[in-house]
2 protein chains.
Amino acid sequence: MITKKTKYAFKALIHLAKTPIGQQVLIADLARDGNIPKKFLEFILLSLRKGGLLLSKVGRGGGYYLAHHPSKITIGSIVRILEGDIAPVQCLSTTNYARCEECNDEKTCGIRLTMADVNVVLSEVMDSLTLADMVDRSEAEQNRLSKVVDFSI
Amino acid sequence: MITKKTKYAFKALIHLAKTPIGQQVLIADLARDGNIPKKFLEFILLSLRKGGLLLSKVGRGGGYYLAHHPSKITIGSIVRILEGDIAPVQCLSTTNYARCEECNDEKTCGIRLTMADVNVVLSEVMDSLTLADMVDRSEAEQNRLSKVVDFSI
DNA sequence: ATATATGTCTATAAAATCTATAGTCATAAA
DNA sequence: TTTATGACTATAGATTTTATAGACATATAT
């Protein structure tokens, strides 16, 4: 289950993905639009910038904008930055490895060997989906629903 | 990332899966063997029993035992009982649905529409793996490693 | 130059969740 | 009828998540 923090990140990123290239958006606007506590969002955006997904301009007329095209920003990269990880157990993490303290023998641990399958599948799907998918699917669904309304008139 | 509670559950279940059919195991033994706080494990085992994965006998000579063959107990069912869920966002959960409070319009939410793919994949893999896999893979790896040692002699 | 708008950074607090413990009760076997 | 055992309730401690405050740095416009 992803945290609120990650959902807030998705919302802000979706807003930025819909913003014309060359324009930046104020933290305050992202916060208001996404109904996100401003100071908390500040911290989230900073993480995303340090993670290489966002760029910023300081000073008057400043704001945030995407570092890459939405189709190049994977859901996996976002989750890794904010949750620290994708792996279901920390002993399988590449970005944030740690030995599980409850574990006797990592090499033969049945939990680890089995969760490895989960980890592979989860990484694959999260790295195959992008911010552009989030935007596109939402818009496609909006169109589909508005058509249904049209027919019913 | 699964919690310690779920890892403790896996350890206890693996112990029970290795126990001959017809025998029950004391909470105290499961706790000692898995290095798990006994009272915490008590609560975990109770959850697993209420979830239908375990059976128990009360009184002298009592203890816990599996309600089904290890190959019939999926990783997904275990995680659902202890984490409450598998879904990456609660608005996609079947066992524990709730509207995401940050969400404006669930039907067209891009986060939800995209995470739905993650949810499907995650459910599939977790429901395809079983407690028997955990036991088998661990034993297979133990055998493989002991053979490697043999060759080096 | 200077005032103003804006992101950056550090520190801390409030809330929620996870982990752990204590104690009493119910049940079954010896 | 004593003893071993799980069942249940309550609560406390630890950790993580969420949120806020305030001082600072930087760039733009006048």
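Throughout, protein chains are lettered first and strands after them, A, B, ... in sequence-line order, and every chain is numbered starting at 1.
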Compare side-chain N and O positions of A:Arg49 against OP1 and OP2 of C:dC9 and report whether any pair is under 4.0 Å apart. yes

With the side chain defined as heavy atoms from C-beta on, B:Lys39 is closest, among C:dA20, D:dT3, D:dC8, to D:dC8

How is B:Lys50 classified with respect to the nucleic acid when contacts are heavy atoms under 4.0 Å: base, sugar-phosphate, or nothing? sugar-phosphate

Given D:dA7, C:dG7, C:dA20, the nucleotide with the shortest approach to the side chain of B:Pro37: C:dA20

Whole angstrom is fine here: how far is it from NZ in B:Lys7 over to C1' in C:dA20? 17 Å

Nucleotide C:dT19, atom C1' - distance to CG of B:Leu46 in whole Å: 16 Å

Atom-pair distance (CZ on B:Phe43; P on D:dA10), nearest Å: 14 Å

Name the closest nucleotide to the A:Leu26 side chain, picking from D:dA4, C:dC9, C:dG7. C:dG7

Once you round it to whole Å, what is the distance between C1' of C:dC9 and CD1 of A:Ile27? 12 Å

When the nearest nucleotide of DNA chain C is assigned to B:Glu83 and to B:Gly61 on a heavy-atom basis, which residue is associated with the more 5' position? B:Glu83

Is the shortest distance from a Lys or Arg side-chain nitrogen in B:Asp117 or A:Arg137 to a carboxylate oxygen in the other one below 4.0 Å? yes

Phosphate OP1/OP2 of D:dG6 contacted by B:Tyr65 side-chain N/O (<4.0 Å): no

State whether A:Tyr64 places a side-chain N or O below 4.0 Å from either non-bridging phosphate oxygen (OP1 or OP2) of C:dT6. no

Which nucleotide in the set C:dA5, C:dT6, D:dT20 lies at the smallest distance from any side-chain heavy atom of A:Val58? C:dT6

Just checking A:Phe43: does its CZ atom have more than 12 heavy atoms from other residues, nucleotides or ligands closer to it than 6.0 angstrom? no

Per side-chain hydrogen bond (donor to acceptor under 3.5 Å, both in side chains), B:Arg80 is matched among B:Asp85, B:Thr74, B:Asp127 by B:Asp127

What pair of heavy atoms forms the shortest contact from A:Ala87 to A:Asn119, and how long is it? CA-OD1, 3.2 Å

CG of B:Asn35 versus P of C:dT19: gap in Å, rounded? 15 Å

Counting just side-chain N and O atoms, does A:Thr3 come under 4.0 Å of either OP1 or OP2 of D:dT18? yes

In whole Å, I'd like the distance from the CZ atom of B:Phe40 to the C1' atom of D:dC8. 16 Å

Phosphate-side-chain proximity, B:Tyr8 and C:dA20, N/O vs OP1/OP2 below 4.0 Å: yes

Could you tell me how far apart A:Ile44 (CD1) and D:dT18 (P) are, to the nearest whole angstrom? 8 Å

Under 3.5 Å, is there a donor-acceptor pair between the A:Glu83 and A:Thr3 side chains? yes

Distance check needed: D:dT18 P versus A:Lys11 NZ, whole Å only. 14 Å

Could you check A:Lys57 against A:Lys5 and say which one's nearest nucleotide on DNA chain D is further toward the 5' end? A:Lys5

